[in-house]
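Position 1 is the first residue of the sequence; numbering continues from there. All heavy atoms count here, side chains included; hydrogens, waters and symmetry mates do not. As the structure is a computational prediction, the values presented were derived from the model and not from experiment.
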Amino acid sequence: MKNHNPFIDRTSLVIVGDHVTLESGTGCVHTAPGHGIEDFIVCKNYPEIPIIVPVDAKGRLTEEAGQFAGLTTEEANKPIAMHLEETGALFALKKIEHQYPHCWRCHKPVIFRATSQWFCSVDDFKADAVKAAEDVKWFPEWGKDRLQSMVQERADWCISRQRKWGVPIPVVYCQECGKEIIDNDVMQKVSDIFGKEGSDAWFAHEAEYFLPEGFKCPHCGSTKGFDKEKDIMDVWFDSGSSHAAVCKNRPYLKRPADVYLEGADQYRGWFQSSLLTAVAGGEKAPYEQIITHGWTVDGEGRKMSKSLGNGIAPQEIISQYGADILRLWVASADYHADIRISKEILKQISDNYRKLRNTARYCLGNLYDFNPDTDIVDNDKLEELDKYALMKLDEVIKTARKGYEEYDYHTAAYAIHNFCVVEMSNFYFDVLKDRLYTTAPQSASRRAAQTVLYKVLDALTLLLTPILAYTADEIWLAMPHDSSRNGESPLFNDIPQGNFIEADEEFIAKWERIHSVRTDVQKALELARNEKIIGKPLEARVTLYADGKLYDFLKSVEAQLPEIFITSFVTVEKGEGAVKGEVEGLSITVAKADGEKCERCWKYSHTVGENAEHPTLCSCCAKVMKEIL
């Protein structure tokens, strides 16, 4: 069955299409193979139907539109309707609104047109491309499945574009027979010319400039004239060929590249086009690793835009907080997903930065008289608390190194921050003050503490260098160094491996248990202070109550507990105290310490006044003063 066009002298074939349904409308639709993908596909089943495209590249109707030629598609709507009404061919006229694709930049409707294009047959090497992806490391790992799935499901690759700028497709057409000419000699001459003049030479010269002397059309033998291809290469083909155009042709680069880093949208773009061009050329994947990142959004998860006014310029952050705050924000976020930023988030990051910086300041302030080459103490002479600190340092080094190696920077940043706040500031540094401030400067106990502080500061600075570049450099120039270090910059030194000390499971379990007990004691001390029983912890006498194995354990470490709890007295008894702790079987009673307060260490002791030369000091401080004086 055929019908006649109501205003053009042309007949059309009535066909059947699977994409037309009876559930929506009449089931009879107008089919335009030149302006829709589904229409194009169904009409391919009917060779007698021509692919008519009556709209040019500027959106105006061509001569094929008859009397309406020259009008834009929007301008033609009304004249066509009027003509149909005048000729009696208009059955009904009604305006409807429906969803239609628009350009994301100018927001104008998109006109679909069937045009001649160049294609790459991906089916010819699709399986090899999927296999090549297996040899790549993916961060995150789901990237491999995503790219392989896209390659497996994709159709042929359209590698030509109708644009006025770009890398031209070096093909010529015979003016006599109209066929395209793809010739190796022509390609090589074009390549040589591009190498000397750049790809703009294609637009500056006539077609004959790129042809060998006496060139004839290989199809018809004509020498009458030739035309250049006006289309350019798809820009994804350009970027996807960078591994060959850039890496392969520069001796200081390598191929495959170490890593490709881009946003999650590049699985459809650069990541995929690079893989396809490499495999199509007989190579393996052009990259050894793929790293994918998300997008920066505001504190509410909205995309940043000028219209919303929710953007934050990097320079604004640097001016207010410093470059290292910006770097710490990036490192602290899981960049595989979208990253949020706001003034509140930056304030939190600046607080985290301050804790890292204060950790370094504490170490620096207590290393002013420490020479690593002469004062460092061997591990076997360290106190147990010092060994525990080095054990925790080993843990954070290994965690951070693994994070760096796997590009999980937020894992490294979190581990370092947790180490500084929980292990150092809240525990080790707090306990260490008595040894650092009240023992003799050259005492083994103080030098042991300084040894740990030096190792912590040295390792911490090197761990922070990839993130806090400026702060790490500042610390490095202010701290002492042993002879094995290059003191000019942390960048000239390797991050330690994390093998400062060997600790068996029994030792680790012991100190983890002490740590837990200390947390319960701190809560009990806080309650006692709120009840005005004590002021500061050194005013307290703490009694720990327990039975069985817990009692035996606490009794075995009883002598160390006053230092760990920072109290004047600690005793371990059987029975039950006033405050129950989180540690099962533990209860605690806090009372006002008896004895007199030492003027120097502020501990309460029964030995204050025993030394006639120092009547206001406890026996320990009096002994230290004797060594100093």
Kindly say whether [Y] contributes a backbone atom to a donor-acceptor pair with the side chain of [X] at under 3.5 angstrom?
X    : Y    : result
D338 : V297 : no
W329 : S350 : no
K126 : Q152 : yes
Y46  : V14  : no
R401 : P496 : yes
H293 : I291 : no
Q289 : K137 : no
R113 : G59  : no
E229 : P170 : no
N493 : N486 : yes

Taking every non-hydrogen atom, the tightest pair across [X] and [Y]:
X    : Y    : answer
R268 : Q272 : CA-NE2, 3.7 Å
V53  : A114 : CG2-O, 3.3 Å
K284 : A278 : O-CB, 3.5 Å
D324 : A469 : OD1-N, 3.4 Å
G498 : D394 : C-OD1, 3.2 Å
A285 : L275 : CB-CD1, 3.8 Å

| query | Roughly how far, to the nearest 0.5 Å, is CG of L328 from OH of Y409? | reply | 14.5 Å
| query | Distance from E395 atom CD to F419 atom CZ, nearest 0.5 Å? | reply | 9.5 Å
Is it the case that over 12 heavy atoms from other parts of the model lie below 6.0 angstrom from the [atom1] atom of [X]?
X    : atom1 : result
E502 : CD    : no
F203 : CZ    : yes
K398 : NZ    : yes
E48  : CD    : yes
Y414 : OH    : no
E141 : CD    : no
E134 : CD    : yes
N184 : CG    : no

| query | Below 4.0 angstrom, N of the basic side chain to O of the carboxylate: do R357 and E474 qualify? | reply | yes
| said: Any salt bridge linking K189 with D192? Criterion: basic side-chain nitrogen under 4.0 Å from a carboxylate oxygen. | reply: no
Given side chains that start at C-beta, do those of [X] and [Y] come closer than 4.5 Å, heavy atoms only?
X    : Y    : answer
L61  : V55  : yes
K254 : E288 : yes
L276 : R154 : yes
D458 : W476 : yes

| field | Steps toward side-chain contact (heavy atoms from CB on, under 4.5 Å) verdict (C174, K179) | value | CA-CA 6 Å; C174 176; K179 290 186 178 180; 5.5 Å; no
Residues 238-246, side-chain donor-acceptor partners within the protein, below 3.5 Å, at least two apart:
unit_1, atom_1, unit_2, atom_2, d
S239, OG, V235, O, 3.4
S239, OG, W236, O, 3.3
S241, OG, F237, O, 2.7
S242, OG, S239, O, 2.8
H243, NE2, G240, O, 3.1
H243, NE2, T277, OG1, 3.0

| task | Please step through salt bridge (Lys or Arg N to Asp or Glu O under 4.0 Å) for the pair D351 and R354, ending with a clear verdict. | result | CA-CA 5 Å; D351 290 341; R354 195 174 295 110; 2.9 Å; yes
| Within residues 116-139 or reaching into it, pairs that qualify as ring pair (Phe, Tyr, Trp, His ring centres under 6.0 Å) - sequence neighbours excluded | F139-Y407
| request: Quick one: which residue pairs count as a ring pair (Phe, Tyr, Trp, His ring centres under 6.0 Å) with a foot in residues 206-231, not counting sequence neighbours? | output: W202-F210, H205-Y209, F215-F226
| query | Residues two or more places apart in sequence or in another chain: which of them pass salt bridge (Lys or Arg N to Asp or Glu O under 4.0 Å) with K108? | reply | none
| Quick one: salt bridge (Lys or Arg N to Asp or Glu O under 4.0 Å) partners of R302, sequence neighbours excluded? | D298, E300
| Can you list the steps and then say if T461 with L457 is a side-chain contact (heavy atoms from CB on, under 4.5 Å)? | CA-CA 6 Å; T461 306; L457 184 62; 3.9 Å; yes
| task | Please check if any side-chain donor atom of Q348 sits under 3.5 Å from a side-chain acceptor atom of N352, or the reverse. | result | yes
| query | Does any donor atom in the side chain of Y267 or T292 lie under 3.5 Å from an acceptor atom in the other side chain? | reply | yes
Let me check something: any side-chain donor-acceptor pairs from residues 33-41 under 3.5 Å, sequence neighbours excluded? List them with distances.
unit_1, atom_1, unit_2, atom_2, d
H35, ND1, F112, O, 2.6
D39, OD1, H19, NE2, 3.4
D39, OD2, A32, N, 2.9

| task | Check the pair I181, C217 against side-chain contact (heavy atoms from CB on, under 4.5 Å), reporting the backbone distance first and the verdict last. | result | CA-CA 7 Å; I181 300 172; C217 174; 4.2 Å; yes
| task | Could you give me the CA-CA distance, side-chain angles and deciding distance for E406 and T411, then say whether side-chain contact (heavy atoms from CB on, under 4.5 Å) is met? | result | CA-CA 10 Å; E406 297 180 355; T411 300; over 6 Å; no
